[in-house]
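Just below is one structure, and these are the notes that go with it.
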Number of protein chains: 2
Amino acid sequence: MNLITEDIEPKTSDNKEQIKSDNLTDRLIEAIVNGDYPAGSKISEPELARIFNVSRGPLREAMMRVESLNLVERIPHVGARVVSLSLEKLIEVYAVREALEGMAANLACKHIDDEEISTLENLLGKHQSHIEQVDGASYFYQEGDIDFHYLIIKASKNEQLINLLCSQLYHLIRMYRFQSPRQHARPEKALYEHIAILNAIKARDPELAEMLMRRHIKNSRILIENEMLEE
Amino acid sequence: MNLITEDIEPKTSDNKEQIKSDNLTDRLIEAIVNGDYPAGSKISEPELARIFNVSRGPLREAMMRVESLNLVERIPHVGARVVSLSLEKLIEVYAVREALEGMAANLACKHIDDEEISTLENLLGKHQSHIEQVDGASYFYQEGDIDFHYLIIKASKNEQLINLLCSQLYHLIRMYRFQSPRQHARPEKALYEHIAILNAIKARDPELAEMLMRRHIKNSRILIENEMLEE
DNA sequence: AAATCATGGATTGTTGACAATAATGTTGTT
DNA sequence: AACAACATTATTGTCAACAATCCATGATTT
């Protein structure tokens, strides 16, 4: 009969939702990071389950994972709320980034390949022209900055490092950017720092690459600290 | 009526299992870390649920969290297995430790208080006498080593760092120690390195403390790499 | 006889209902 | 009128049954 069509259609049309609980995790993460559920707001299980068209079981499973990412805080018998971010926490995250991404730059010197290098060069080229066009700050650069760091982390070829940064801290950092979408204060300076880092990596100089990456992240942190003092 | 007794008794008698799902997570972690479920072995949900006297619901929720800790790997519709460890992965973990614990030692210089310093001094004193007694390697030292690192991480007062190291990587590291329980090859040398690190922290010298901590962890990593080459 | 397909069993994914706990609103007393 | 105790309600924690998927065993075909 039409068993064949039923067997094929799911693969072509809407097979993207293989396991509800798993994809639900990603959708929840995106929703929280995007700010669909504001910081500090309570998350109602029945309500969310209704919105996502699932039962509370898979939703709770997804919730546990999102909790491990520190995107929500759960209190037994009370409920879950989206984490309230603070500049103090953000500064703590930057200390962790400084350590881990510094190590990533170090390891990248040993493990990066030619293709990854040219990808990075193209990326920085695009940043250059964008900055010349819009003359300074643009929202584009925020994403571009993430891409640059992302690529170097991947180039370290250290799975533990990649997992920690890209699958755990990454979401938290993105959430901060969405919530306080201040422009990167000095995109030109950041670009030059990026170029210097890439040059060190191309020169296969681990100590220099690590030092430059750490200084680059430390500079970002100092901007945030100044911002904090102004308030 | 007897509402009072019913209200008090749970607090005194068996209130330790407040939430099944939560405590189950810890029990599962301990069981896996201790090797009750060997590396690579399959974990059956109905069987585990029976053993822990819970339903599959809370067990699955605990499972999701344990999966986030990288202690088990889950394949959709197939099941979960305890992760198979390898020296390659362990070396990757040590690179992460080098970066994060180096930063922890750095931050500890600024945030450690006198009480924490004396706790550390007492700990190292105990290690000293233990080494003199048993003349070298002892299992005791393994736990003691963890304690030393644990205290310095806490002293950093950086919640993100503490969470990452103590709540995430910590379990994985302990699991490795249980699975390949080689003695620390050079406990005397490790102790001297610990003493040097503590001295740098007492001297409030962040750069030196970080450098010494990184070298200390790097030395451990080199031991493992040599071990790997022998096989 | 080997390979392929089908069928049965077991395990995972999901659901809805039930139990336990906390928050809210109400009532009575001081 | 304000506070405290109680009842109600809503939400979370837990469970057992149902559906979907995978794996293994055996039958069938080439």
Side-chain angles (χ1 to χ4, degrees), chain A residues 1-28 37 40-68 71-82, chain B residues 1-28 37 40-68 71-82:
Chain A
M1 307 278 281
N2 57 355
L3 281 173
I4 296 164
T5 52
E6 282 184 4
D7 213 41
I8 288 177
E9 265 202 296
K11 287 195 182 297
T12 55
S13 61
D14 55 349
N15 194 30
K16 49 201 171 208
E17 73 248 12
Q18 300 134 350
I19 271 81
K20 288 190 178 179
S21 165
D22 289 12
N23 289 40
L24 195 58
T25 308
D26 295 335
R27 291 209 283 162
L28 241 178
Y37 304 99
S41 64
K42 190 171 182 308
I43 291 182
S44 160
E45 289 183 6
E47 189 186 336
L48 258 190
R50 190 176 45 74
I51 291 173
F52 285 111
N53 270 320
V54 291
S55 177
R56 277 182 55 219
L59 182 106
R60 279 175 63 88
E61 291 178 3
M63 213 65 149
M64 302 293 160
R65 289 192 269 215
V66 175
E67 186 191 11
S68 311
L71 296 182
V72 301
E73 288 171 338
R74 281 167 37 87
I75 302 173
H77 291 286
V78 173
R81 348 184 116 270
V82 179
Chain B
M1 306 277 283
N2 58 355
L3 282 173
I4 296 163
T5 51
E6 282 184 4
D7 212 43
I8 289 177
E9 264 202 293
K11 288 194 182 298
T12 55
S13 61
D14 56 348
N15 194 28
K16 50 202 170 207
E17 72 250 12
Q18 301 132 350
I19 271 79
K20 288 191 177 179
S21 166
D22 288 12
N23 289 40
L24 195 58
T25 307
D26 295 335
R27 291 210 284 163
L28 241 178
Y37 305 99
S41 64
K42 190 173 181 309
I43 290 181
S44 162
E45 288 183 6
E47 191 187 335
L48 258 190
R50 191 176 44 75
I51 292 172
F52 286 110
N53 271 319
V54 291
S55 177
R56 279 181 55 219
L59 184 108
R60 279 175 64 88
E61 291 179 3
M63 211 69 147
M64 301 293 160
R65 290 193 268 213
V66 176
E67 185 192 12
S68 313
L71 295 182
V72 301
E73 287 170 338
R74 283 167 38 86
I75 302 173
H77 290 130
V78 174
R81 343 185 120 270
V82 179

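Within every chain, numbering begins at 1; the chains are lettered A, B, ... in the order of the sequence lines, protein sequences first and strands thereafter. Atoms considered below: every heavy atom in the structure, side chains included; atoms not considered: hydrogens, waters and symmetry mates.
- Once you apply a 4.0 Å limit to the heavy atoms of chain B, the touched nucleotides of DNA chain D run 5' to 3' over D/dT14 to D/dC23.
- In summary, contact between chain B and DNA chain C, defined as any nucleotide atom under 4.0 Å from a heavy atom of the protein, begins and ends at C/dT11 to C/dT14 in the 5' to 3' direction.
- DNA chain D lies under 4.0 Å from at least one heavy atom of each of the following residues of residues 74-82 of chain B: B/His77, B/Val78.
- The side chain to side chain contact (heavy atoms under 4.5 Å, CB included) test with A/Val66 is passed by exactly one of A/Leu28, A/Ile43, A/Asp26, A/Leu24: A/Leu28.
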Check step by step if side-chain contact (heavy atoms from CB on, under 4.5 Å) holds for B/Glu61 and B/Thr25. CA-CA 8 Å; B/Glu61 291 179 3; B/Thr25 307; over 6 Å; no

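- Listed by residue number, the members of residues 47-55 of chain A with any heavy atom below 4.0 angstrom from DNA chain C are A/Val54, A/Ser55.
- With A/Tyr37 as reference, A/Val82 is the one residue of A/Leu71, A/Val82, A/Val72 to meet the side chain to side chain contact (heavy atoms under 4.5 Å, CB included) rule.
- Take B/Ser68 and apply the side chain to side chain contact (heavy atoms under 4.5 Å, CB included) test, not counting sequence neighbours, and it matches A/Arg65, A/Ser68.
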side-chain contact (heavy atoms from CB on, under 4.5 Å) between A/Met63 and B/Met64: does it pass, once the steps are laid out? CA-CA 9 Å; A/Met63 213 65 149; B/Met64 301 293 160; over 6 Å; no

Evaluate the salt bridge (charged side-chain N to carboxylate O under 4.0 Å, His left out) criterion for residues B/Glu73 and B/Arg81: first the C-alpha distance (whole Å), next the side-chain angles of each, then the deciding distance (0.1 Å), finally the verdict. CA-CA 5 Å; B/Glu73 287 170 338; B/Arg81 343 185 120 270; over 6 Å; no

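- Counting non-hydrogen atoms under 4.0 angstrom, A/Ile43 reaches the backbone sugars and phosphates but no base.
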Validation: residues 49-58 of chain B side-chain donor-acceptor distances under 3.5 Å, sequence neighbours left out:
residue : atom : partner : partner atom : Å
B/Arg56 : NE   : B/Glu45 : OE1          : 3.1
B/Arg56 : NH2  : B/Glu45 : OE1          : 3.0

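- Legend: residues meeting salt bridge (charged side-chain N to carboxylate O under 4.0 Å, His left out) with A/Arg27, ordered by chain and number and at least two apart, are absent.
- With the end axes of the helix from C/dA1-D/dT30 to C/dT30-D/dA1 each set by five pairs, the angle from one to the other reads 10° at 10° resolution.
- Here B/Pro58 lies in heavy-atom contact (under 4.0 Å) with sugar-phosphate atoms only.
- Residue A/Gly79 comes nearest to A/Lys42 through the heavy atom pair CA-NZ, 4.3 Å, listed as atom of the first residue, atom of the second, then distance.
- Distance check, rounded to the nearest 0.5 Å: CG of A/Leu48 to CZ of A/Arg60 gives 12.5 Å.
- Along DNA chain C, the nucleotide nearest to A/Asp22 and the one nearest to A/Arg56 differ in position, and the one closer to the 5' end is contacted by A/Asp22.
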